[in-house]
Protein chains: 2
Amino acid sequence: MTTLQTPRRRDAVKTRRMLLDAAVHRFTQHGYAATTVRDIADDAGVNVALISRYFRSKEGLFEACLSHSVEELERTAADVPPDRTAEEIARQMAGPCARGVPHNLVLLLRKSGDEAADRIRLDLLRSYSERLAAATGHQELLRAQVMIAAAAGIALLHAKTDMTPLATATETDLFGPLCDMIESLLIKTD
Amino acid sequence: MTTLQTPRRRDAVKTRRMLLDAAVHRFTQHGYAATTVRDIADDAGVNVALISRYFRSKEGLFEACLSHSVEELERTAADVPPDRTAEEIARQMAGPCARGVPHNLVLLLRKSGDEAADRIRLDLLRSYSERLAAATGHQELLRAQVMIAAAAGIALLHAKTDMTPLATATETDLFGPLCDMIESLLIKTD
DNA sequence: ACACCGGGTCAACAACTGTTTACATCACTG
DNA sequence: CAGTGATGTAAACAGTTGTTGACCCGGTGT
């Protein structure tokens, strides 16, 4: 009964989570190829060898990051009210880019070269676009995918700190343009 | 006067251009870090050492690719008629992604880690967004940049061959959605 | 006391990276 | 035709990468 009160100086699940968090950050920010396992380990403050131990390989870690992002996206997409979809989508898209939908979308753009990881990536993008098309009552899957691609691009450049005013735009700054864009792409007007 | 009729088996400018073309393709498709100089040299069918000879380094080659893209974008942007901007922009954006505006936009998303290259990248993105804002008579620079980011994201996923129907969409398929998006973002409707 | 085992560290490995150096080959000039 | 500079080649370099195997440490049961 000692395990419950002691902070467990050596905690496997905790270090595993720290590695996962650091990896998600690095992969989304710099991409797969530009990220080294030593970078991730240093960010997490643990030894490099633990990546191979807990995730089998760098690609295994990337897959775990994708799955993590998938879960997060599924969760945020679950509690969206069926009406007022344009404003709701815009609110999510304009949200905090460090954590949230944009952050996950950018990670979904990253490619590892690993086939299994790419399948996960593609599956989520497809299901997400299908859900988006269904939620807005729009029949064309193409417009939903254009919408996702546009949102991902915006999130990518929004997260970068170089192109102002986009880089320094606040949530309220982005809400207006995003609403207009979503309506024009997804809401039928004819 | 012999140089004009002989094919010049050893032609410096020709091999330099082949290296540049191969590099642009690789960098846009896979990004900077995921591309090796040997990949580029093999694609161009020349020796690896010539990259260092003609471009000083991998980063120098990347800078040359950016400058090349900048020139191409400036050229295509020069002959755009001042009116009917929405349709004209949509036509350019929907155009062939293997060569043209989308292709160049994707390259502009790529980061090398080199400071000089990033400055070139940022400068062009800024000037392009300013020109876009001016051409459409829209005051807000933010909306123009959102527009560019969206277009870049769309081009990125359009070039990838995995997410259908976006990946297999033709120029005419994309024209409609893009027109709607551009109008909603850039054309004043108040 | 002892062995055991989950958790963590360390050093080393082989493969790959960008770059350079020394050498070969071609085209052209005197 | 000799020679000279431009063009291309091959091999090797030093550094980095992902990965692995041997080892350590602290707690637990016996």
Side-chain angles (χ1 to χ4, degrees), chain A residues 1-23 26-27 29-65 110-117, chain B residues 1-24 26-27 30-65 110-117:
Chain A
M1 240 307 188
T2 66
T3 59
L4 284 183
Q5 44 201 4
T6 56
R8 270 286 236 175
R9 281 211 1 239
R10 303 189 149 195
D11 191 340
V13 297
K14 180 182 171 185
T15 55
R16 204 192 119 100
R17 193 178 54 239
M18 294 186 74
L19 275 174
L20 196 66
D21 286 350
R26 283 275 177 181
F27 283 146
Q29 201 101 29
H30 309 288
Y32 180 83
T35 300
T36 73
V37 288
R38 286 176 174 84
D39 290 337
I40 299 172
D42 288 354
D43 285 359
V46 305
N47 194 281
V48 204
L50 296 184
I51 289 181
S52 296
R53 179 193 291 279
Y54 288 133
F55 299 95
R56 198 194 77 242
S57 66
K58 183 189 181 186
E59 283 187 350
L61 176 56
F62 185 68
E63 281 187 43
C65 290
R110 301 305 190 180
K111 216 178 150 192
S112 73
D114 179 36
E115 197 172 324
Chain B
M1 243 300 191
T2 66
T3 58
L4 283 183
Q5 42 201 5
T6 56
R8 269 288 237 174
R9 283 215 355 237
R10 300 189 151 197
D11 190 340
V13 297
K14 180 182 171 185
T15 56
R16 203 191 121 100
R17 195 180 52 239
M18 295 187 73
L19 276 174
L20 196 66
D21 286 350
V24 166
R26 283 275 178 182
F27 284 146
H30 309 287
Y32 180 83
T35 299
T36 73
V37 289
R38 285 175 174 85
D39 289 338
I40 299 173
D42 288 353
D43 284 1
V46 306
N47 194 281
V48 205
L50 296 184
I51 289 181
S52 296
R53 180 194 289 279
Y54 287 132
F55 299 95
R56 199 193 75 240
S57 65
K58 183 189 181 185
E59 283 186 349
L61 176 54
F62 185 68
E63 280 186 45
C65 290
R110 303 302 191 181
K111 215 179 152 192
S112 74
D114 179 36
E115 199 171 322

Between A/Asp39 and A/Ser52, which residue's closest nucleotide on DNA chain D lies nearer the 5′ terminus? A/Asp39

Between C1' on C/dT17 and CD on B/Glu59, what's the gap in Å once rounded to a whole number? 13 Å

Across the strands shown, which category fits B/Phe55 at heavy-atom distances under 4.0 angstrom: base, sugar-phosphate, nothing? nothing

When you measure from the side-chain N and O atoms of A/Thr15 to the phosphate of C/dG8, is any distance below 4.0 Å, counting only OP1 and OP2? yes

Base C/dG8 paired with A/Arg53 side chain (donor-acceptor, <3.5 Å): yes

With a 4.5 Å limit on heavy-atom distance, are the side chains of B/Leu50 and B/Arg53 in contact? yes

Nearest to side-chain heavy atoms of B/Leu50, which nucleotide of C/dT9, D/dT9, C/dG8: D/dT9

Determine the contact category for B/Thr36: base if any of its heavy atoms lies under 4.0 Å from a base atom, sugar-phosphate if only primed atoms, P, OP1 or OP2 are that close, otherwise nothing. sugar-phosphate

Counting heavy atoms from C-beta on, name the nucleotide in D/dT19, C/dT19, C/dG7 closest to the side chain of A/Ala12. C/dG7

Quick check for you: among D/dT9, D/dT19, C/dT19, whose closest atom lies nearest to any side-chain atom of A/Ser57? D/dT19

Which residues satisfy the side-chain hydrogen bond (donor to acceptor under 3.5 Å, both in side chains) test with B/Asp42, sequence neighbours excluded? none

Rounding to an integer number of Å, can you tell me how far A/Ile51 CD1 sits from C/dT9 C1'? 14 Å

Residue A/Arg10, side-chain atoms from C-beta onward, closest of C/dT19, C/dG7, C/dC10: C/dG7

Could you tell me how far apart B/Phe62 (CZ) and C/dT17 (C1') are, to the nearest whole angstrom? 18 Å

Whole Å only: how far is the CG atom of A/Asp11 from the P atom of D/dG26? 17 Å

Within this structure, what is the CD1-to-C1' distance between B/Ile40 and C/dG18, rounded to whole angstrom? 11 Å

Of all the choices, C/dG18, C/dT9, D/dT19, which nucleotide is nearest to the side chain of B/Lys58 once you look at every atom? C/dG18

Show me the donor-acceptor pairs within less than 3.5 Å that the side chains of residues 110-117 of chain A make with the rest of the protein, sequence neighbours left out.
| residue | atom | partner | partner atom | Å |
| --- | --- | --- | --- | --- |
| A/Arg110 | NE | A/Phe27 | O | 3.4 |
| A/Arg110 | NE | A/Thr28 | O | 3.4 |
| A/Arg110 | NH2 | A/Thr28 | O | 2.9 |
| A/Arg110 | NH2 | A/Gln29 | O | 3.4 |
| A/Ser112 | OG | A/Asp114 | N | 2.9 |
| A/Asp114 | OD2 | A/Ala117 | N | 3.4 |

Mind calculating the distance between NZ (A/Lys14) and C1' (C/dG8) to the nearest angstrom? 14 Å

Taking only N and O in the side chain of A/Tyr54, is any of them less than 4.0 Å away from OP1 or OP2 of C/dG8? yes

Going by modelled atom types, is there a donor-acceptor pair between the base of D/dG18 and the side chain of A/Arg38 at under 3.5 Å? yes

Rounded to whole Å, please give me the gap between CG in A/Leu61 and P in D/dT17. 16 Å

Taking atom C1' of C/dG18 as reference, at what distance in whole Å does atom CG of B/Leu19 sit? 15 Å

Ignoring hydrogens, what is the shortest heavy-atom contact between B/Leu20 and B/Cys65? Give both atom names and the distance. CD1-N, 3.9 Å

Can you see which heavy atom on B/Ile40 is nearest to which on B/Ala22, and at what distance? O-CB, 3.7 Å

